[in-house]
Amino acid sequence: MGNFGQLMDGFAVALSTHHVLIMIIGVLLGLVVGVLPGLGAPNGVSLLLPLTFGMDPISAIILLTSMYWGALFGGSTTSILFNIPGEPSSVATTFDGYPMARQGEALRALTLAFGSAGIGAMTGVVVITLLSGWVAQFALRFGAAEYFAVYFMAFASFIGMSGGSPFKTLVSMMLGFACATIGMDTISGESRLTFEWDALIGGVSFLIAVIGLFGLGELLITMEEGVKFQGVKAKLSLSTIFRTIAELPRYWATLIRSALIGCWMGITPGGPTAASFMSYALGRRFSKRGANFGKGEPEGVVAPETADHSAGSCALLPMLALGIPGSATAAVMMGGLMIWGLSPGPMLFTTRPDFVWGLIASMYLGNVIAVVLVLATVPLFAYVLRAPFKVIGPIIAVVCVIGAYTVASHMFDVWLALAFGVVGYMFKKLGYPLAPFVLAMVLGDKAEDAFRQALLLSDGSASIFFANGLVTTMMCLGLLLLSLPAISFVYGKVTAGKSKGGAVSDGASSRYDGPDAPAATTGQ
């Protein structure tokens, strides 16, 4: 009841006219940032941070968090309409959202994305409200080995739960790991795979790869198919929006599972991107329509969006309770807190309860405002698809090029995006999945750093990954997920062998049971 009383005090702070207007402005700015590939929430919050220096800390953090919510929602828009993820965590949404748009269901896909995102975000805020004290103690148990175990589970789930070829999934993931190692080694300081190109010293930006793989790669595929774009069938209808919202309870199991995955990955260092990929993989594995994933399955939009936003919300909890940011955006916000003279950590709840609970209350209101605003703009975004491809195509290409250049203002990044566009085209033509490549590229360097740090702490002994119950449980779950394709293969062989053996036995008995058997066989 103590938390509830403090939350009510927080609502008294957040419900002022001044703060509500700040939330609306922040969400609108976030939508713009999320829609534009190459910016993203971390860059958007960084650009906005200097404007908050003259504000009081509560108003400033409400503005930044509202922008964060808007960026998360806006990233789904270009993922569905143009197959260009505005946010790294929106990549998994493209797998089924974009096919739905091409089938003339852009309005339904956008509404499903925003509705499930709102549910996921609200779940995350509820978790923050209820578990803020407990998480502070739990997350302190995480060291380098536990961090690696979380990443290992994310990788293993994508291999184990993949509906396609495990071999192609593994190859795609290994190529992603290779791209993640390009640049300066964070531990030894040596350059790797740069081939003496100074432009590669800083590594390959994930946003550059995403813009090329998904945006430019899809353009090449569409041009090869005859410059056809099926999105012109999209209809603007409020009844469709309300009917789609009413459809969401049908996916209750996916919503609950994805929200739990997102909360876990948000509190731990996995983050929204890993949460969306893992949720998509598990959704495809357990869905009755798993074979339809990747072809425009609504559940394939609900799963990653729910996990993405619940993880995005929960990522702020370690930052507030421990001073350990759970995402890049949370890290930028933590820098803002320190500039305003606040020290994130357990003492913040004691010394500035008005700030903490005012922020948590604003999360409830900010997410509601974000859902209302994005649903209100759904017809506007769906209308974009009425334009012919000869208009949409060049716009997408320009957006991709501008997005690639704005990441670091280097022309080399534009050429790199074009190269990744060719890679994306080849992957799709050869039937290799892009998702494992992207996942490995996002988390590869983090997993490698955690792995090497753990081994340094243990003097090279792998026993550190089974040193306590928490890390042992996560590693065993990861190994189980990793071995699922082999288990399925062996089980299939055994089952086929038994069936074949049974058929042989039946044939043998019919052959030797009597003289009539051969005649019956001949007659057949």
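Keep in mind the model is a prediction, meaning the values are calculated, not measured.
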Query - side chain to side chain contact (heavy atoms under 4.5 Å, CB included) assessment of Trp264 paired with Leu260 - result: CA-CA 6 Å; Trp264 167 260; Leu260 292 175; over 6 Å; no
Query - Pairing of Arg285 and Glu299 as salt bridge, 4.0 angstrom limit - result: no
Do you know which two heavy atoms are closest between [X] and [Y], and how far apart they sit?
X: Ala180; Y: Ala440; result: CB-O, 3.9 Å
X: Arg257; Y: Gly283; result: NH2-CA, 3.4 Å
X: Ser191; Y: Ile201; result: CB-CD1, 4.0 Å
X: Leu193; Y: Ala178; result: CD1-O, 3.6 Å
X: Ala417; Y: Ala404; result: CB-CB, 3.9 Å
X: Met23; Y: Gly366; result: SD-N, 3.9 Å

Validation row: [X], [Y] side chains within 4.5 angstrom (heavy atoms):
X: Phe155; Y: Met173; answer: yes
X: Leu455; Y: Phe465; answer: yes
X: Met100; Y: Val301; answer: yes
X: Tyr425; Y: Phe420; answer: no
X: Phe114; Y: Glu305; answer: no
X: His309; Y: Ile119; answer: no
X: Thr254; Y: Thr306; answer: no

With rounding to the nearest 0.5 angstrom, report the [atom1] to [atom2] distance, [X] to [Y].
X: Arg192; Y: Met184; atom1: CZ; atom2: CE; value: 10.5 Å
X: Ile261; Y: Ile256; atom1: CD1; atom2: CD1; value: 12.0 Å
X: Ser79; Y: Leu110; atom1: OG; atom2: CG; value: 10.0 Å
X: His410; Y: Tyr405; atom1: NE2; atom2: OH; value: 8.0 Å
X: Phe148; Y: Met153; atom1: CZ; atom2: CE; value: 12.5 Å
X: Asp413; Y: Met411; atom1: CG; atom2: CE; value: 10.0 Å

Report task. Let me see the working for Val371 and Met122 under side chain to side chain contact (heavy atoms under 4.5 Å, CB included), right down to the final yes or no. Result -> CA-CA 11 Å; Val371 172; Met122 198 61 69; over 6 Å; no
Requested in this report: Measure up the Phe277 and Phe95 rings against each other and bin them: parallel (under 30°), tilted (30 to 60°), perpendicular (over 60°).
Outcome: tilted
Query - Side-chain H-bond candidate by donor/acceptor type, Thr111 with Thr244, under 3.5 Å - result: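 Distance-only check fails for Thr111 and Thr244.
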Requested in this report: Tell me yes or no: between the side chains of Asp449 and Tyr147, is some donor less than 3.5 Å from an acceptor?
Outcome: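 Tyr147 and Asp449 do not have a side-chain donor-acceptor pair below 3.5 Å.
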Any side-chain to backbone donor/acceptor pair from [X] onto [Y]? Under 3.5 Å, distance only.
X: Thr123; Y: Ala259; value: no
X: Glu146; Y: Gly143; value: yes
X: Ser279; Y: Ser276; value: no
X: Ser310; Y: Ala307; value: yes
X: Tyr251; Y: Ser116; value: no
X: Asp96; Y: Glu297; value: yes
X: Gln103; Y: Lys295; value: yes
X: Thr65; Y: Ile62; value: yes
X: Asn367; Y: Met363; value: yes
X: Ser483; Y: Leu479; value: yes

Query raised in the report: Are the ring centres of Tyr280 and Phe293 closer than 6.0 Å?
Result: yes
Query - side chain to side chain contact (heavy atoms under 4.5 Å, CB included) partner of Ser66, chosen from Ile369, Leu28, Ile24, Val27 - result: Val27
Acceptor/donor pairs from residues 426-438 side chains to any protein atom, 3.5 angstrom cut, sequence neighbours excluded:
residue: Lys428; atom: NZ; partner: Glu218; partner atom: OE1; Å: 2.5
residue: Lys429; atom: NZ; partner: Glu224; partner atom: OE1; Å: 3.1

Report summary line: Residues pairing under salt bridge (charged side-chain N to carboxylate O under 4.0 Å, His left out) where one sits in residues 170-191, two or more places apart or in two chains, turn out to be Asp185-Arg452
Query raised in the report: For Arg289, does the CZ atom sit with more than 12 other heavy atoms under 6.0 Å from it, leaving out its own atoms?
Result: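 No - once you tally the heavy atoms of other residues, nucleotides and ligands closer than 6.0 Å, there are 12 at most.
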Report task. Output, in order, the C-alpha distance, side-chain angles, deciding distance and verdict of side chain to side chain contact (heavy atoms under 4.5 Å, CB included) for Phe152 and Met474. Result -> CA-CA 8 Å; Phe152 178 67; Met474 290 191 292; over 6 Å; no
